[in-house]
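Side chains included, hydrogens not; waters and symmetry mates left out as well; all remaining heavy atoms used.
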Amino acid sequence: MTSEFVFATAQYESGDWDSAPLLPANVIDTIARYTEIAVAPTGVVVALNDDRMLRYPLLYLTGHLPVRFSDAERRNVKRFVERGGMLFVDDHNHDIDGTFHKTATEEIARTVAPLAELPNDHALYSAFFKFDGPPTTSHELNGWGDNLVHKHLLAVRRAGKIAVLFSNKDYSSEWNYHPESKRFLTVDNTKFAVNLVVYALTA
Amino acid sequence: MRSRRSNFELACRLAAFAVLGWLLGGSMMRSSGRRVERASTSALASRLPTWTRAPSSVLLHADLATTPEARVVDWLAALERSGHAVTWSGAPPAVAMSSEPLADPQGGVRIELAAPARTSVVLRDDASVVDSVRVNQLGAAIVTPLVVGTLVGDAGGQRFSAPAPDSAHLRAIVVIGNAGWEGKFIVSALEERGWPVVARFRVAPNVDVTQGVALPLDTGRVAAVVATDTTIQSLGAALERFVRSGGGLVLAGSAGLAPAVAPLRPGSLGARTRPSALPVDTIGLGATGYYPVAALNGDGVALDRRSGGVAVAARRVGAGRVLQVGYDDSWRWRMAGGPGSEAAYRDWWSRAVAAVAYLPDAGVKIAESATESAPLANLVDRLGPPQPTAADKTPRPPVDGRLLLVLIMILLLTEWGSRRMRGLR
Amino acid sequence: MSILTHVRTVRTVLAAGVALRAVAWGALASLTLIIGAVLVDLVTPIGLVARSGVLMVAIAAGVATAAALAWRDRHVLSLERVALWIEERFPSLDFTLATAVETGDDSFVARAAVDRWRTIAVRRAAHAVRAPLASIAVAGSIVFALPVGAVARVRAPHRGDSLDRPSRGSVGGASRLTPLVARIVPPAYSGRQPTTIDEPSDVRALVGSTITLRGRGSAGGVVARRGVDSIVATSEGDRWSISLRVDARPVALRLVDRGFQRIIAIEPVTDAAPAVTLVTPAHDSVLRAPTGRIALSADMHDDFGIASAAFEYIVSSGEGESFTFRSGTLGATRPNGRRASIGASLPLESLGLRPGDVVHLRAVAHDANDVSGPGVGTSETRALRIARRDEYDSVAVEAAAPSDEEKSVISERMLIMLAEALEKVRPTLGHDSLVTESRSIATDQKRLRRTVGEIVFTRLGGESSGEEHTDEESPARAKTMQDMLARADSATNRSTDPIDFSGGESPVVAVNKPLLEAYNAMWDASTELEIAEPGRALPHMRRALAAIQRARAAERLYLRGRPPQVVVDVGKARLQGKDKGVSSVRQATNASDSPGRRRIERFANVVDLAARDAPAAIDSLLVLRIDALTDAPAFAAALSDAVNAMRGGKSAAATEALARARRSLAGAPITRDSLARWGIVP
């Protein structure tokens, strides 16, 4: 085992956990581009029902389908959060009325605590790059999902730190491309991922 | 010519006078020794009033199996000062206790006990029993998170005590390193424990995540510095000055490789160990490898030896202390350890910092207690060392004086009776 | 009337007198005991249990007294004795009456003064009952003179009658907080009966209960303080009362009456949500076709009662970015009991499922909590997926619904069933039949093993099969799991540096390992089946099934192959970004245990106080206990023991409880039996 940062994707039983398979590599590339953080060159997939998920203090969870934690998954997520881990959940449907949002928020409320709006002046938005709030994605108004631009992310905070971060903005679609394709972009739309990781590593 | 009767009467008279003379002579004769009043530990307190009224010619001697209460010792010392000869003998156990506050925001007291080997000591305070220990060599140590009132030790009937110290006034802990899980969780653990933390995590060139105001490294503001990697190098010579003046330093992980800490570290670092088999389920401290101390400096002390080498070592540098902790991913223990690992991790890091953190001198605390913290030392200090049993040098008459008086009366009565009965038929 | 008749009349009168006297004395004995108990209770209160026994004891004593007296005077029933009694009073009879009674011949007796016999007997009887009746009258007067409440406490003892006990001394200066009665009325949905507690110090009540505290005296000046809130008492005749509702937080209620104070700990009992277990379907499944019915059943239980229960389903359709969802419920019931089992049947055709659709099923129960709920309990979720046409997942076993047996695909479980059946009938089969049947199962087993092998090696990116397609032994075929693992490791290892995966293996290998285990176990099983040993094959087959289930648990829905693996060239990308970040500030974390620290200080202060003012220390411990109930239950329990011991004057037990309390609050001390140079370092 090394002590570098390893991007981990959470695998859960009930849904399509791997709906954004290229996101991990893209985020890893972004971290390397802007920071000196020691980062593993590939991501890992960890099952939430496996105790080994505790070895990755930042977990990314996404999907389209309903999220229903099994008892083992719920136990592990609870332990994970209590010990200081951070869970980043992104609704790949970007649909506030959709089943992923409803079921995932229900599971989070049941397992950890209800989600609440994260103020846009939270330290997350200035952890590395400066943002006025959660950056908008090009998918929020693509006609699918709820077709809304969500002004806030949602979060569960423990002792002032974000334990669960929930996004309706579909960063999973926004960041789900091969890192080599960044050269075609005028503006790097993954910079917020740096804030996420820097916040997780230092908060 | 005297008759036989007259001779007998004369002899009675002479004998009576002789015995009387012996009695008088004995009482008037100065003895070459003195009368000794003795008491054992249990009876000593009750005998003191009597001893106080005794003439100064009387030798007061205490046979002590245990050192009596401070009040009794004070009294004996006062008697000695007032002209009495006070001695003592016996072998009371040599016990002593000291207490000092832990460098821990949650309080706690370290109590060090000195006692003969294989002595069982029970430590109490005003609330209840704290703990008990059987001394292995010369002493024992107890760290307790809570003390109520006065600490009292009992070693086989010998009681000794020390006041609970006041809480320590703690300075900040500076944590410095690259942004990563280890630094994050060390800071979290220290803050959760209540330490004020000043942190600096390097993220990119000229980009740091900081917490707290950058403090000058002096013991007036900073208790210890925790370094998680070689970024400690940036502190330069100020670090050595800080440590030598009493500050604490914890070199975690690869921090010991920084050139700036070479004169401070307890030993040089070896290559990081990697276990042959990784933990399958829970991860304990050090289970994923560590930086061992390859060679201890002359005055370095190994505190934690593992199969791969020394994982934790310590050293005193000037007035300060340095702890070298080879674990660079102790955070795995907190996150993926067994039940209670989060609290255990927090305790561990807090104790590591407490072991080196600068603590200002709290001064002497006087407590009102019936016993002393070092009773035997106090006794020797007040009354001198034990003396062999003083034999009683008073020349005792072979016969009790009262019997002699009775003998005198009999002799005189016999003489008188003989005279009265003369002429009787 | 004959002489004997007169004698019988006298006997009747005398017997009546005896009976009356016995009853009267018995009644007096009972009354005396009751009056005695009332008087004692007036001086010092007698407990409810003792008072409940007093009445029974009094009645028993009365009956015993009456019986004893009646027995003593039983001779009054003897005619001879009656005759002698008459002879005593009428000496002139000169024993003729006694003779007449003995012989039955009354001709001996002169008829003079016969009428006076009855009169004398009546007088005698009246005399006998005079004393006890007078005593009863006196006792009755005493009873009427006693306070009504005092008598009622003995006559009809019940909880809460402490208020009926008359007060002693002047009421004006005395505390109105004693005696105190608490009546707890639980919320209606719980179905529990109200209870009453005399002199409460600890009250445990369901959240939503109403607690009414009553005491004697006027209400003016009596206040209950709950945190920063105050509740003023109201008057009910010559009583005061305070009502409050139990909420979710434990609270130390402080009753104040002028200079008097009393603390009552109110400990809420939370209504737990129902616990629901989905019995069937027992596992997730992949179905070849959306036909048939899925049997659903669930068990549930609740601490008070289940108001409603149902199955919920969500159907997810679509792929990529486009999904649609439908949901519904079925099997809704209103069990209304503490335990319930519900069942339903889900016809798959009614859902309009298509290949790729996923049905999530779970059972949900609501309790009847209308105070803070209702509490909702949910079971684990089962997912049923309809296989896509391009999938090849013949590894799937045990469909949730009974599926038609397809000869082309036989699941491992089916093979186990066949082997078990064969082993069972083995004694009745001939050798040839046994071999034929066994080899038939072996052939299916090998076919399934080949399928598993193809799945494993397809994922590894290697050749489509790791072995030949014949049943012949092949030296090139890897037989052992170690060989398989070695092949898998070499096929997946893409860099010389170990990636941060557990065990140094890729997640693909971690997923494949159970399938490799199954592959190996199937090999062993088919070998045994080939030699007609189904019994020896069964353990291997079960091992294979367990491994398949583990593999299914790891990869549940997606067997379409591993996601694309992109390895980032971190060195090349390092600091190539055009933009630069800015330094930021980290927020400090609050000390996690500052409430604990404050609690330690309070505990130390309370122990200090105990030496000087024990009652005040007890109150403080009670308040501290309430504070700790939620997050430090062990500490709260130890404090409760300490309080009870201190109230009972048991100092050794109190010290032991305080020792436990300090350990659970602040942790156990660390002790070393030697002095270390560096003290106690981790």
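- Interatomic distance, C:Ser583 OG to B:Asp208 CG, rounded to the nearest 0.5 Å: 5.0 Å.
- Interface check for chain B: of the options C:Val607, C:Val582, C:Thr589, C:Leu575, the most heavy-atom pairs under 4.5 Å are formed by C:Thr589.
- Looking at B:Leu113, only its backbone comes within 4.5 Å of chain C, counting heavy atoms on both sides.
- Heavy atoms of B:Val203 lying under 4.5 Å from chain C are absent altogether.
- Contact count versus chain B (heavy atoms, under 4.5 Å) is highest, among C:Ala668, C:Ala610, C:Ala666, for C:Ala666.
- Between C:Arg586 and B:Glu191, at least one side-chain N (NZ, or NE/NH1/NH2) sits under 4.0 Å from a carboxylate O, which counts as a salt bridge.
- Looking at B:Arg118, neither its backbone nor its side chain comes within 4.5 Å of chain C, counting heavy atoms on both sides.
- B:Ser128 and C:Arg662 form a side-chain donor-acceptor contact under 3.5 Å, judged by distance and modelled atom types alone.
- Between C:Pro669 and the options B:Val143, B:Val109, B:Ile111, B:Ile142, a side-chain contact (heavy atoms from CB on, under 4.5 Å) holds for only B:Ile142.
- Heavy-atom pairs under 4.5 Å with chain B peak, among C:Thr655, C:Val585, C:Leu658, at C:Val585.
- When only modelled atom types and interatomic distance are considered, B:Asn136 and C:Ser674 share no side-chain donor-acceptor pair under 3.5 Å.
- Using a 4.5 Å cut-off between heavy atoms, B:Pro196 does not touch chain C at all.
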